[in-house]
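FYI, the numbering just counts along the sequence from 1.
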Amino acid sequence: EMDRALAQRFVDFVNSAPSHFHAVSQTRQVLETHGFTHLKERDSWSLSPNGKYFFTRNSSTIFAFVVGGKVRKEKGFKIIGAHTDSPVLKLKPISKVEKCGFLQVGVQLYGGGIWHTWFDRDLTVAGRVIAREGENFVEKLVYVDKPLLRISTLCIHLDRSANDSFSFDKETKLLPTIATAIKSQLLESLPSSESHHPVL
């Protein structure tokens with residue numbers, strides 16, 4: 001029963017962390033709940049025996065550590081590392097693409113993904129945006145918890161070799177579709193952008 005509960009906690013964590021920015025945010029909440037103190041890299045640190053601390057970098061990396069009760073330099077220290085990122089399709093700064101009556105989203109590959117598994121499944125958008133609030137810029141986490149995008153394969157009668165081998169140009173064929181041009185026309189009331197589709 002304990003194993004099941006731990007597994008469910010991990011699944012809940014993964015589901016709440018669709019990007020490495022979200023993963024760091026979730027980890028920070030867990031650490032603060034367990035009494036860890038947030039440090040800033042640019043400050044001078046005053047660490048105490050048995051103290052628990054963490055700091056972040058770029059909101060995409062988090063370091064947590066515990067100071068022993070009897071600290072001796074000759075004892076050294078133990079470190080465990082893991083990465084918060086994973087293979088994704090990152091939105092390009094100018095992502096607006098339109099081909100054959102379909103609105104597509106320009107992306108770039110990040111990480112060593114098994115990219116053929118990204119076809120014909122629901123995709124969404126998650127990550128961090130920098131927004132202007134008055135005279136300041138602030139970070140905001142974004143997660144659209146519903147299907148928005150899809151990378152479709154051809155029907156079998158248009159690609160008879162699909163069952164024998166499936167190869168594709170990652171730069172031109174791995175573009176998610178977000179809507180048809182007709183739907184875009186119906187949504188003309190949305191704010192326009194030179195860089196991204198209003199639907200996005």
Side-chain angles (χ1 to χ4, degrees), residues 2-34 36 38-41 52-66 78-97 103-131 137-153 162 165-179 195-197 199-200:
M2 182 178 294
D3 290 343
R4 182 182 294 273
L6 288 173
Q8 187 59 53
R9 284 174 58 190
F10 175 72
V11 170
D12 293 341
F13 176 84
V14 172
N15 288 337
S16 63
S19 76
H20 51 297
F21 298 109
H22 288 81
V24 167
S25 177
Q26 290 294 317
T27 302
R28 174 175 176 169
Q29 291 179 33
V30 172
L31 292 173
E32 289 177 335
T33 300
H34 288 81
F36 280 72
H38 182 206
L39 302 173
K40 295 184 178 180
E41 282 192 272
K52 299 185 291 186
Y53 307 94
F54 76 91
F55 65 94
T56 63
R57 182 177 296 173
N58 189 40
S59 299
S60 60
T61 304
I62 189 164
F63 303 83
F65 59 96
V66 176
K78 298 177 182 178
I79 184 169
I80 300 174
H83 58 84
T84 58
D85 59 344
S86 58
V88 295
L89 301 175
K90 297 182 68 173
L91 289 177
K92 290 184 175 179
I94 300 177
S95 69
K96 186 184 292 186
V97 178
L103 306 185
Q104 295 180 297
V105 178
V107 295
Q108 57 188 6
L109 279 63
Y110 175 84
I114 306 175
W115 301 117
H116 70 269
T117 65
W118 288 63
F119 283 80
D120 296 320
R121 64 169 58 197
D122 294 333
L123 303 174
T124 189
V125 175
R128 177 184 67 173
V129 296
I130 307 298
F137 290 95
V138 296
E139 296 181 5
K140 293 183 179 291
L141 294 182
V142 175
Y143 176 33
V144 182
D145 191 14
K146 65 178 182 179
L148 286 181
L149 307 155
R150 180 172 284 259
I151 306 171
S152 300
T153 54
S165 64
F166 183 53
S167 59
F168 53 92
D169 186 327
K170 297 180 181 65
E171 293 297 322
T172 60
K173 302 302 182 184
L174 209 58
L175 296 180
T177 299
I178 192 169
S195 301
H196 308 285
H197 291 302
V199 185
L200 184 63

Least distance between heavy atoms, [X] atom then [Y] atom:
{"X": "G106", "Y": "L175", "value": "CA-CD2, 4.0 Å"}
{"X": "P87", "Y": "G113", "value": "CB-CA, 3.6 Å"}
{"X": "S60", "Y": "T84", "value": "O-OG1, 3.0 Å"}
{"X": "T27", "Y": "F13", "value": "OG1-CZ, 3.6 Å"}
{"X": "E41", "Y": "T56", "value": "OE1-O, 4.0 Å"}
{"X": "I114", "Y": "W118", "value": "O-CD1, 3.5 Å"}

Measuring from [X]:[atom1] to [Y]:[atom2], what's the distance to the nearest 0.5 Å?
{"X": "K52", "Y": "L31", "atom1": "NZ", "atom2": "CG", "answer": "9.0 Å"}
{"X": "F63", "Y": "F54", "atom1": "CZ", "atom2": "CZ", "answer": "13.0 Å"}
{"X": "I178", "Y": "Q104", "atom1": "CD1", "atom2": "CD", "answer": "11.0 Å"}
{"X": "D169", "Y": "T172", "atom1": "CG", "atom2": "OG1", "answer": "3.5 Å"}
{"X": "K170", "Y": "L89", "atom1": "NZ", "atom2": "CG", "answer": "12.0 Å"}
{"X": "F36", "Y": "H38", "atom1": "CZ", "atom2": "NE2", "answer": "13.0 Å"}

Please check if the side chain of D122 supplies one atom and the backbone of L148 the other of a donor-acceptor pair under 3.5 Å. no
Given 3.5 Å as the limit, does a donor-acceptor pair link the side chain of S95 with the main chain of L91, or not? no
[X] versus [Y]: any side-chain heavy-atom pair under 4.5 Å?
{"X": "T124", "Y": "K146", "answer": "no"}
{"X": "F21", "Y": "V142", "answer": "no"}
{"X": "F55", "Y": "K40", "answer": "no"}
{"X": "R150", "Y": "L123", "answer": "no"}
{"X": "S59", "Y": "E139", "answer": "yes"}

Mind checking whether H20 and Y110 have parallel, tilted or perpendicular rings, split at 30° and 60°? parallel
Using a 6.0 Å cut-off, check whether atom [atom1] of [X] has over 12 heavy atoms from anything other than its own residue.
{"X": "R9", "atom1": "CZ", "result": "no"}
{"X": "E171", "atom1": "CD", "result": "no"}
{"X": "I130", "atom1": "CD1", "result": "yes"}

Just one of V105, V107, L174, T177 clears the side-chain contact (heavy atoms from CB on, under 4.5 Å) bar with I151, so which one? L174
Set of residues satisfying side-chain contact (heavy atoms from CB on, under 4.5 Å) with respect to V30, sequence neighbours excluded: H34
S86 meets the side-chain contact (heavy atoms from CB on, under 4.5 Å) criterion, sequence neighbours left out, with V88
Assess whether side-chain hydrogen bond (donor to acceptor under 3.5 Å, both in side chains) is satisfied between R128 and H22, documenting all intermediate values. CA-CA 8 Å; R128 177 184 67 173; H22 288 81; over 6 Å; no
Would you verify whether the NZ or CZ of K173 falls within 45 degrees of the ring axis of F168 while also being under 6.0 Å from that six-membered ring's centre? no
